[in-house]
2 protein chains.
Amino acid sequence: MASMAKKTHRIERRSDALSRERIIAAAIEILDRGGEGALTVRALAAHLATGSGAIYWHVADKNELLATATDDIIARVVSEVAGGARPREAIRAVALGVFDAIDAHPWVGAQLFREPWRPATLEIVESVGSRLKALGVPEAALFDSASALVHYILGVAGQNAANARLVAPGTDRSVFLAGVAGKWAALDPAKYPFVRQMATQLRDHDDRAQFLAGVDLILAGIATAQA
Amino acid sequence: MASMAKKTHRIERRSDALSRERIIAAAIEILDRGGEGALTVRALAAHLATGSGAIYWHVADKNELLATATDDIIARVVSEVAGGARPREAIRAVALGVFDAIDAHPWVGAQLFREPWRPATLEIVESVGSRLKALGVPEAALFDSASALVHYILGVAGQNAANARLVAPGTDRSVFLAGVAGKWAALDPAKYPFVRQMATQLRDHDDRAQFLAGVDLILAGIATAQA
DNA sequence: ACCTGAACACCGTTCAAGT
DNA sequence: ACCTGAACACCGTTCAAGT
């Protein structure tokens, strides 16, 4: 290359130069450490040792930042599900993957409800839907079946995200659930007999196992429509 | 009354005096008209012809305002379900009631994920759970069954709430869904074959009927666990 | 091309001062 | 007891000015 003669070293970027990727990685770090409220453009700029305006050279706005960060995390989850897995197991794996991702990155839970044409949503719908098809769900029932399963997964994700917002970042889910159980147990038995009755189970239950039980319940319902 | 003698008219409050109830009613009006973004303390104060500080005399903060407004709307929905209805029909009626409430007040959808000890959540869990019990779901399966059903209902509510945020307030859901269908149809067939295939159905489908189909699917799954 | 950081137009909330 | 509205401590975003 002719230009090499001019100077011995290439005009290289600072190794810590800003980039879309670095900004998103930093955003994820801040979100994981401090929760949704901790991600401000100023905090992000400080973390990257730059001015707040610099962020806007690489990403359109804060919304895009959150959406892209979510896409990154969900893409990782979905791609990690073994391609060779049997359809039913693959669906369970995707569902659990999303569940665990929200446990690790609670702020993702709220983001999953944003624009349904973004990769995060598409990946989940595609991976669940294609497996339902492989499972032999008839064409006519596919859309409703996939919709039910995905909305259930999103519902749990949203609830866990919201719950995480109510405690200090990093707090175990079971601590929060025990607190809710206490409040449920103290309710008026005349007004909320069922909720009160569930309080004990809420305290002791494994909510991850319960989540999977819900997936199985919906899969069972889908199967009855086939028979 | 002795004090009546002092003055002919009682020292009565201005008929438009502030009250918790009036503030919440005004908040609901603003939220319905302009969406979540329109509710600011300043806008609320202006609407009530008062200072912003006056709001804080009656409610603790904006969060309480949104939570109470949500409780009001959900309580209305649940109480409107006929007490004499057969359990299965009652569950469907509650689910549809929540669905329609979010259609009328999209901002409610996001609020349903907040504190699970608030009336809004309790009313839904209680009304669904007690009906599942009446339906003969065994004790051991009750908690998982109610959890699955409620999380599905909340998932759809959250999605519809988020969708509504993406269009001008008052826009019909079908207009938005047609837009999503267009974006889904344009996806890479190699990457998203299933989603693409669903695009046509997304454009033409009745999402309210689909929501109910999901409820039925889960009820069918719950029934299989009983047999 | 990329970065800086002051400035702008907002927020929710507080609180001294009024009635 | 209830209300006022300026003030405070924040936001996200823009943009002239720098390199």
Side-chain angles (χ1 to χ4, degrees), chain A residues 3 6-7 9-28 30-31 33-70 107 110-111 114-115 165-166, chain B residues 3 6-7 9-28 30-31 33-70 107 110-111 114-115 165-166:
Chain A
S3 63
K6 290 188 196 165
K7 283 209 171 189
H9 63 78
R10 284 151 289 157
I11 303 154
E12 58 189 356
R13 295 167 178 283
R14 296 169 11 208
S15 66
D16 66 337
L18 272 186
S19 70
R20 201 181 148 81
E21 288 69 37
R22 278 195 70 233
I23 291 171
I24 290 157
I28 291 176
I30 292 170
L31 286 161
R33 184 151 48 215
E36 261 169 294
L39 183 68
T40 65
V41 177
R42 270 163 250 257
L44 185 56
H47 188 94
L48 291 162
T50 185
S52 56
I55 310 290
Y56 289 87
W57 181 262
H58 298 276
V59 297
D61 52 25
K62 204 185 160 184
N63 190 56
E64 194 202 315
L65 203 58
L66 281 161
T68 309
T70 302
W107 51 274
Q111 291 300 318
R114 308 269 164 141
E115 302 104 318
R165 223 178 288 129
L166 296 173
Chain B
S3 62
K6 290 188 196 165
K7 282 210 170 190
H9 64 78
R10 285 150 289 156
I11 301 155
E12 58 187 354
R13 295 168 177 283
R14 295 169 10 208
S15 65
D16 66 336
L18 273 184
S19 70
R20 203 180 146 80
E21 289 68 37
R22 276 196 71 232
I23 291 172
I24 289 157
I28 291 177
I30 291 171
L31 286 162
R33 183 150 48 213
E36 260 169 295
L39 184 68
T40 65
V41 178
R42 270 163 251 257
L44 186 55
H47 189 94
L48 292 162
T50 184
S52 55
I55 309 290
Y56 289 87
W57 182 262
H58 298 275
V59 296
D61 53 24
K62 203 185 158 182
N63 190 55
E64 195 202 315
L65 203 58
L66 280 161
T68 309
T70 301
W107 51 273
Q111 291 300 318
R114 308 270 166 140
E115 303 103 319
R165 223 179 286 129
L166 297 172

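We name chains A, B, ... by the order of the sequence lines, and we start the count at 1 in each one.
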*Among Leu66(B), Leu44(B), Val41(B), Leu65(B), which residue meets the side-chain contact (heavy atoms from CB on, under 4.5 Å) test with Val59(B)?*
Leu65(B)
*Could you give me the CA-CA distance, side-chain angles and deciding distance for Ile24(B) and His58(B), then say whether side chain to side chain contact (heavy atoms under 4.5 Å, CB included) is met?*
CA-CA 10 Å; Ile24(B) 289 157; His58(B) 298 275; over 6 Å; no
*asked:* At under 4.0 Å between heavy atoms, how does the protein contact nucleotides 12-19 of chain C? Give one character per nucleotide, 5' to 3', with B, S or -.
replied: BBBB----
*Would you say Arg42(B)'s side chain and Ser52(B)'s backbone share a donor-acceptor pair under 3.5 angstrom?*
no
*Nearest heavy-atom pair of Ala26(B) and Leu48(B): which atoms, and what distance?*
CB-CD2, 3.8 Å
*Between CD of Glu64(B) and CZ of Arg114(B), what distance do you get to the nearest 0.5 Å?*
13.5 Å
*Tell me: CG of Leu44(B) to P of dC3(D), nearest whole Å?*
13 Å
*Trp57(B) side chain N/O closer than 4.0 Å to the phosphate oxygens (OP1, OP2) of dC2(D)?*
yes
*Can you name the nearest heavy-atom pair linking Ala38(B) to Ile30(B), along with the distance?*
O-CG2, 3.5 Å
*Rounded interatomic separation in angstrom, taking CZ from Arg20(A) and C1' from dC3(C)*: 18 Å
*So, for Thr70(A) and Trp107(A), which heavy atoms are closest and what is the spacing to 0.1 Å?*
OG1-CZ3, 3.7 Å
*Within this structure, what is the CD1-to-P distance between Ile55(A) and dA1(C), rounded to whole angstrom?*
20 Å
_Distance, nearest 0.5 Å, that separates CD of Gln111(B) from CG of Asn63(B)_ = 7.0 Å
*Canonical and wobble pairing (Watson-Crick, G-U, under 3.5 Å) of DNA chain C, dot-bracket with |*: ||.|||||...|||||.||
